[in-house]
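Have a look at the structure below before the remarks.
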Amino acid sequence: KMKAQMADMMKQMDARHSAIQEQLTSLDKVVQTSAPDAKSILNHIAEILKQCDGMAKMHGRSMKHKMTGPKDRKTD
């Protein structure tokens, strides 16, 4: 069960990482134009921050589980 959860979390992290990479690539293209569009830049930055926040929350849940998990297990 734990391995399946870790595998799922890694897939989610990979998806978020890919989304960040795509947004960074798009953002780079926008800012390299002769007249960068401020709204477009803000949209890319907002999406990057959203993905980073999601990754941080996933990491936080994982750390909380690690901190509480072993103590809660019964050792008969």
Side-chain angles (χ1 to χ4, degrees):
K1 181 180 175 182
M2 185 69 136
K3 286 185 181 183
Q5 288 175 339
M6 284 298 289
D8 183 51
M9 191 163 85
M10 291 304 295
K11 282 183 186 178
Q12 291 176 16
M13 289 291 249
D14 286 344
R16 290 188 182 278
H17 184 262
S18 293
I20 290 170
Q21 290 296 98
E22 289 173 17
Q23 290 296 323
L24 287 171
T25 299
S26 296
L27 177 61
D28 188 48
K29 289 177 183 175
V30 170
V31 298
Q32 296 297 325
T33 63
S34 60
D37 178 38
K39 186 174 181 179
S40 181
I41 291 170
L42 289 175
N43 288 339
H44 288 297
I45 291 171
E47 185 61 30
I48 291 166
L49 292 175
K50 177 180 153 189
Q51 295 299 329
C52 290
D53 185 54
M55 290 174 84
K57 286 178 180 175
M58 287 174 58
H59 181 70
R61 285 192 303 264
S62 173
M63 292 305 293
K64 183 177 180 182
H65 176 74
K66 286 180 182 178
M67 292 172 63
T68 60
K71 289 186 251 175
D72 293 341
R73 292 186 187 144
K74 293 182 180 180
T75 55
D76 294 7

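All values below come from the heavy atoms of this structure, side chains included, with hydrogens, waters and symmetry mates left out. Just so you know, these numbers come straight off a predicted model, no measurement behind them.
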Hey, could you give me each pair passing salt bridge (charged side-chain N to carboxylate O under 4.0 Å, His left out) that has a residue in residues 37-47? Not counting sequence neighbours. Glu47-Lys50

Hits for side chain to side chain donor-acceptor pair (under 3.5 Å) against Asp14, two or more places apart or cross-chain, chain-then-number order -> none

Mind checking the CG-CG spacing from Leu27 to Leu42? Nearest 0.5 Å is all I need. 10.0 Å

Under the criterion side chain to side chain contact (heavy atoms under 4.5 Å, CB included), I'd like the reasoning laid out for His44 against Leu24: C-alpha separation, chi angles, the key distance, then a yes or no. CA-CA 8 Å; His44 288 297; Leu24 287 171; over 6 Å; no

Name all pairs fulfilling the salt bridge (charged side-chain N to carboxylate O under 4.0 Å, His left out) condition that reach into residues 20-31, sequence neighbours left out, sorted by first residue then second. none

Which pairs with one or both residues in residues 2-11 pass salt bridge (charged side-chain N to carboxylate O under 4.0 Å, His left out), sequence neighbours excluded? none

Going by heavy atoms in the side chains, are Gln51 and His17 under 4.5 Å from each other? no

Name all residues meeting the side-chain contact (heavy atoms from CB on, under 4.5 Å) criterion together with Leu49; count only those two or more places apart in sequence or in a different chain, and write none if there are none. Ile45

Which residues pass the side-chain contact (heavy atoms from CB on, under 4.5 Å) test with Met10, not counting sequence neighbours? none

Can you name the nearest heavy-atom pair linking Val31 to Pro36, along with the distance? O-CG, 3.7 Å

Any chance you could lay out the side chain to side chain contact (heavy atoms under 4.5 Å, CB included) test for Arg16 and Met58, step after step, and finish with the verdict? CA-CA 11 Å; Arg16 290 188 182 278; Met58 287 174 58; 3.7 Å; yes

To the closest 0.5 Å, what do you measure between OG (Ser26) and CG (Asn43)? 11.5 Å

